[in-house]
Number of protein chains: 2
Amino acid sequence: MTNKEQILHTALRLFAEQGYDRTPTSQIAREAGVSEGLIFRHYGNKAGLLAAILGAGKAQVDESMQPYARDLDPRAAIAQHIRESIRLVREHRPFWRLVHQMRHQAAVQQAAEPEIDHFHRDIATRLSANFRRLGAAQPELEALLLFAQIDGITLQYLEAPDSYPLDAMQHFLIQKYHDEPFLDQP
Amino acid sequence: MTNKEQILHTALRLFAEQGYDRTPTSQIAREAGVSEGLIFRHYGNKAGLLAAILGAGKAQVDESMQPYARDLDPRAAIAQHIRESIRLVREHRPFWRLVHQMRHQAAVQQAAEPEIDHFHRDIATRLSANFRRLGAAQPELEALLLFAQIDGITLQYLEAPDSYPLDAMQHFLIQKYHDEPFLDQP
DNA sequence: CATAGAAGTGAGTAATCACTCACAAATCTA
DNA sequence: TAGATTTGTGAGTGATTACTCACTTCTATG
């Protein structure tokens, strides 16, 4: 691993553990085994380092969410979305901890926001379409609710990864959507 | 309003808007119209100010969650829980923004954590009991899932209070739990 | 009124932090 | 190998920040 990558990984770990504001660049340099100046040579400033971390993570998400864009039958697509979302969080815990922190920092989101917004709308549109095909009375609200459920589950998992029953919740949620009739109106 | 209260309210507003770490005590003093020294006379240090804010908010939550502790029929209790949770967030937006920020700062939770843990367990127990009485196959998971849904909805509302359809989501969620048979196993 | 304690001030301080810069070492290129 | 470019260093700097403290003003009480 190059020094540049080493800095990125160390910073991600420390930002996730301690928070962006509470992590001095001096600590990142020390734990990455490089001089502090090198951080600024490679990433310009501390915010640039954060942007690089978020950019790299987003690339991975894009890659992972693309394959299942193809049209499965609606119920399978919904189950797949649940599985994939939870898998991402489980496999990239530090990254998602950082993302959740950033959600409450209006000032830092600057550049990342429009892209993330578009990404969300994209998924929400696909999900709504699937619920509509299943005959749901209010497909947009169904999509929002599923979003909220995954958000809440992953949030609580990230707070206590060792004790939270993530597997059980995943299966429980998938089963609920498998059994749901979605035919509320005659 | 006394100066002491003025400091508390100003700090809550600024912490919620900018984050705890990004809000200097000098700014709090300036916007509260007092000297910086007064903050430390009343609250000892910056963390003490934060603790006072969280303590005052928790007292309000306790007060609001107590009345409906009495045993209604299970479905009514669940609906009431949803309504009350969402009402609290809607009426104390800055406070809940702050709470959500603090959830990711392991270091700051120190004192508040045991109390909050107990509080959560208490509500989870009551919710599980209600789901059990309704014949749910996995009442603990049902309680966790309802928790996660409310968490996710309020989180997304706090991110975009002006555009999120909070009322619609509340009614949608209550209706779902009203219609849910909860008799998954023969 | 006298006086004790609480409320309030604001200049000062030590520490921390992000960032710079002059320079050195390593790597590449011709 | 000579020169050019990239990578790396670490002491230094200015700005910011939480907090202190000697002092003043207000308020309550006998």
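All figures in this text were calculated on a predicted structure; none of them were measured in a lab. Lettering follows sequence order; numbering is per chain, from 1.
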Atom-to-atom span, CG of B:N45 to P of D:dT17 - whole angstrom: 17 Å

Can you check the A:F15 CZ to C:dA18 P distance for me, whole Å? 9 Å

With the side chain defined as heavy atoms from C-beta on, B:F40 is closest, among D:dC19, C:dG8, C:dT20, to D:dC19

Just to confirm, is there a sub-4.0 Å distance from OP1 or OP2 of C:dG8 to any side-chain nitrogen or oxygen of B:H42? yes

Between A:R13 and A:E31, does at least one N-O distance fall below 4.0 Å, as a salt bridge requires? yes

Which nucleotide, D:dA18, C:dC19, D:dG8, lies nearest any side-chain atom of A:N3? D:dG8

Here's one to test your reading of the geometry: is the NZ or CZ of A:K58 within 45 degrees of the ring axis of A:F95 and under 6.0 Å from its centre? no

note: B:L49, atom CG; D:dT17, atom P; distance rounded to Å ~ 16 Å

Rounded to whole Å, the CZ-C1' distance (B:R30 to D:dT16) equals 13 Å

Among the candidates D:dA18, C:dG8, D:dT9, find the nucleotide nearest to the side-chain atoms of A:R41. D:dT9

Nearest whole Å is fine: how far is C:dA7 P from B:E5 CD? 12 Å

What's the CD1-C1' distance between B:I39 and D:dC21, to the nearest Å? 16 Å

Atom-pair distance (NZ on B:K46; P on C:dT16), nearest Å: 16 Å

Take the protein atom OH of A:Y43 and the nucleotide atom C1' of C:dT20, then report the distance between them rounded to whole Å. 19 Å

Which part of the nucleic acid, if any, lies within reach of A:T2 when heavy atoms closer than 4.0 Å are counted: base, sugar-phosphate only, or nothing? nothing

With a 4.0 Å cut-off, would you call A:D167 and A:R90 a salt bridge? yes

For DNA chain D, which residues in residues 31-38 of chain B have a heavy atom at a distance below 4.0 Å? B:E36

Apart from B:L155 itself, what residues make up its hydrophobic cluster when side-chain heavy atoms of I, L, V, M, F, W and Y under 4.5 Å apart count as a link, directly or indirectly? A:L155

Any Lys/Arg nitrogen of A:E142 or B:K176 sitting under 4.0 Å from an Asp/Glu carboxylate oxygen of the other? yes

May I ask you to say whether A:R132 pairs ionically with A:E140, meaning some side-chain N is under 4.0 Å from a carboxylate O? yes

Taking the cut-offs as 6.0 angstrom to the six-membered ring centre and 45 degrees off its axis, would you call A:K46 and A:Y20 a cation-pi pair? yes

